[in-house]
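Values in this document were obtained by computation on a predicted structure and should not be read as measured data. Below, all heavy atoms of this structure are taken into account, side chains as well, without hydrogens, waters or symmetry copies.
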Amino acid sequence: MKRKAVPDARGASIQAADRSAVREDEIMKIRKLELEEHGSTRPLYEEIFDEDSPSFVDYYYTEKTKDNQIYVLEADGDIRSMLHLNPYRLMVNGSEKLVHYIVAVATQEAYRHRGYMKAIIKKALKDMYDNGESFTFLMPASEAIYLPHDFRTVYEQKRRFYVPESEQCEEVVEEEAAHIRDSEVSRASEADCPELAEFANENLREHYQVYALRDVPYYERLIKEYESDGGKLLVRRINGCIADCMTYVPDYKEGEEKHKIMVRIVDVRRMLMSLSLESLTAVCFRIVDPVIEENNQCVVLTGTEFSGVMLMEGKPGNSEGTMTVAALASLIFGAESVDKVCEEDGVVMSERMKKEMMKIIPLSKIYLNEVV
């Protein structure tokens, strides 16, 4: 399965220089496409992501564009830039949330360095806020591209691949079944999807705070996704019961670079109210967001280990510090400690605020291994 530059490439190979302001005299239009228009972005996709096989692109434009959102920037009579929002149902601290995965971020080469990407990301973020979404995530080709947009790296993917132990094993896998030790490995089918979903959700619920909720359509799509590039989704059974799920990719090489996931808080209040606390907490602070104006507010964060976070409107005069939306993401998702985020530009905390913020239980147990 072709995943050498795994997305994004498909998402994020956009140039870091694409941050300048859009020229005032330039005629352009940013809009969200209607569902029947999604196919009009395929030429740009194929132009930018030419490492993807035609069969994978067929899969993507058959399956993923059925229910995603696509933003485009049109200039000179055609689509010059785009961004896709692929929907996922995530479990976050035990609550189900609709969250969008940003993929297929692309700008036509002749139209780069004009601020198109900055404009299209801003539009998508504001729409997600209006829709009541807590955060969004993406897989960058380069973290530097998305840091200026307040995305922060919080997770390194732990995708598990099945590696045949011998040529004989590989031949058996190609025949869709292998007996290894006391288990049987076989190619997943649609009939396996209900049991796979139940097995995965039970294990994820036990070990993680943030993960994509599995269901039958999730696995039906995943089977098609891997098969589109010659790969397979495999299940390992012991005594007839599913004990593991992994992927088989013909060109996979052990030791390949792992892919990172970055998040961006969309609605600060909704995000904070998803959190748990270690003990009685009460702190007032300002939040700064350069893109989503509604997030610029002063809040009183309070609660206990039993209630979780509760929020009230705070008075600026009572503020004990200032948090940027980016630093807050690093703290909430456990990527940085309180002391570490205090080193970031724009972050100020009193000593008392530091102690109170340390009572937040971070969402550090993350499992976001989705590709597109």
Side-chain angles (χ1 to χ4, degrees), residues 1-16 18 28-75 78-88 98-112 114-125 127-128 133 135-143 145-146 149 151 157 212 221-222 224-226 228-229 259-264 266 368-372:
M1 188 177 188
K2 194 173 187 178
R3 288 291 179 274
K4 293 187 286 294
V6 191
D8 284 359
R10 177 168 354 289
S13 58
I14 300 307
Q15 303 62 28
D18 190 10
M28 65 168 204
K29 181 180 181 181
I30 297 175
R31 66 187 183 94
K32 184 169 70 173
L33 296 181
E34 298 296 332
L35 194 61
E36 60 270 19
E37 297 179 284
H38 285 189
S40 65
T41 63
R42 180 163 179 161
L44 179 57
Y45 188 106
E46 292 176 322
E47 176 185 342
I48 303 300
F49 307 121
D50 58 0
E51 75 277 9
D52 285 346
S53 67
S55 58
F56 178 84
V57 180
D58 286 342
Y59 157 77
Y60 186 86
Y61 274 88
T62 299
E63 290 292 328
K64 301 300 288 189
T65 61
K66 282 196 272 190
D67 58 1
N68 74 348
Q69 299 174 34
I70 301 180
Y71 287 80
V72 299
L73 188 149
E74 297 167 322
D78 207 348
I79 295 171
R80 306 302 178 184
S81 187
M82 69 177 178
L83 175 153
H84 296 208
L85 297 182
N86 291 351
Y88 280 90
L98 173 66
V99 177
H100 281 95
Y101 182 20
I102 298 176
V103 302
V105 181
T107 298
Q108 203 169 37
E109 186 173 2
Y111 288 81
R112 292 170 184 169
R114 303 186 185 189
Y116 283 9
M117 197 47 55
K118 179 179 180 179
I120 207 168
I121 288 175
K122 183 175 182 179
K123 169 63 175 170
L125 287 172
D127 283 357
M128 283 188 274
E133 298 177 36
F135 69 99
T136 186
F137 66 106
L138 55 78
M139 182 194 298
S142 169
E143 294 166 278
I145 297 166
Y146 291 95
H149 303 294
F151 286 83
Q157 286 196 339
R221 244 181 195 177
L222 199 58
K224 293 176 183 177
E225 183 173 317
Y226 281 102
S228 72
D229 254 352
H259 301 282
K260 297 178 180 180
I261 293 293
M262 303 182 81
V263 303
R264 208 284 187 188
V266 173
L368 293 174
N369 280 16
E370 286 61 40
V371 174
V372 291

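Considering Tyr60, Tyr71, Tyr101 in turn, Tyr60 is the only one that fulfils the ring pair (Phe, Tyr, Trp, His ring centres under 6.0 Å) rule with His84.
Residues Asp67 and Pro87 form a side-chain contact, since some pair of their non-hydrogen atoms from C-beta on lies under 4.5 Å apart. Looking at heavy atoms from C-beta onward, Ile145 lies out of side-chain contact with Phe151 at the 4.5 angstrom threshold. With a 4.5 Å cut-off on side-chain heavy atoms, Asp229 and Ser53 count as touching. Using a 4.5 Å heavy-atom cutoff, the side chains of Arg42 and Asp58 are in contact.
When atom types are taken as modelled, the side chain of Gln157 and the backbone of Glu370 share a donor-acceptor pair closer than 3.5 angstrom. Side-chain atoms of Asn86 come within 3.5 Å of backbone N or O of Val372 as a donor-acceptor pair.
Separation of atoms OG1 (Thr65) and OH (Tyr59) is listed at 10.0 Å; rounding is to 0.5 Å. Summarising the geometry, atom CG belonging to Leu83 is positioned 6.5 Å from atom CE belonging to Met117; distances are rounded to the nearest 0.5 Å. Atoms OG1 and CZ, on Thr107 and Arg80 in that order, are 11.5 Å from each other to the nearest 0.5 Å. Distance check: Ile120 CD1 to Met28 CE gives 9.5 Å after rounding to the nearest 0.5 Å. The distance from the CG atom of Asp127 to the CD1 atom of Ile30 is 10.5 Å, given to the nearest 0.5 Å. We find the CE-CD distance between Met82 and Gln108 to be 10.5 Å, quoted to the nearest 0.5 Å.
Ring geometry for Tyr45 against Phe49 counts as perpendicular: the plane angle is over 60°, on a 0 to 90° scale with 30° as the lower cut.
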Does the side chain to side chain contact (heavy atoms under 4.5 Å, CB included) test come out yes or no for His149 and Arg264, once each step is laid out?
CA-CA 8 Å; His149 303 294; Arg264 208 284 187 188; 5.7 Å; no

One pair to check against side chain to side chain contact (heavy atoms under 4.5 Å, CB included): Tyr111 and Asp78. What are the steps and the verdict?
CA-CA 11 Å; Tyr111 288 81; Asp78 207 348; over 6 Å; no

With side chain to side chain contact (heavy atoms under 4.5 Å, CB included) as the test, would you mind laying out the steps for Glu37 and Arg31 before giving the verdict?
CA-CA 11 Å; Glu37 297 179 284; Arg31 66 187 183 94; 2.8 Å; yes

Determine, stepwise, if the pair Asn68 / Glu63 fulfils side chain to side chain contact (heavy atoms under 4.5 Å, CB included).
CA-CA 9 Å; Asn68 74 348; Glu63 290 292 328; over 6 Å; no

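Comment: Arg221 does not engage Glu225 in a salt bridge, judged by the lack of any side-chain N to carboxylate O separation of less than 4.0 angstrom.
Counting all heavy atoms, side chain and backbone alike, Lys260 lies closest to Glu143 at NZ-OE1, 3.4 Å.
The salt bridge (charged side-chain N to carboxylate O under 4.0 Å, His left out) check on Lys32 picks up nothing, with sequence neighbours excluded.
By the neighbour-count criterion of 12 heavy atoms within 6.0 Å, atom CD of Glu109 is sparsely surrounded, having that number or fewer from other residues, nucleotides or ligands.
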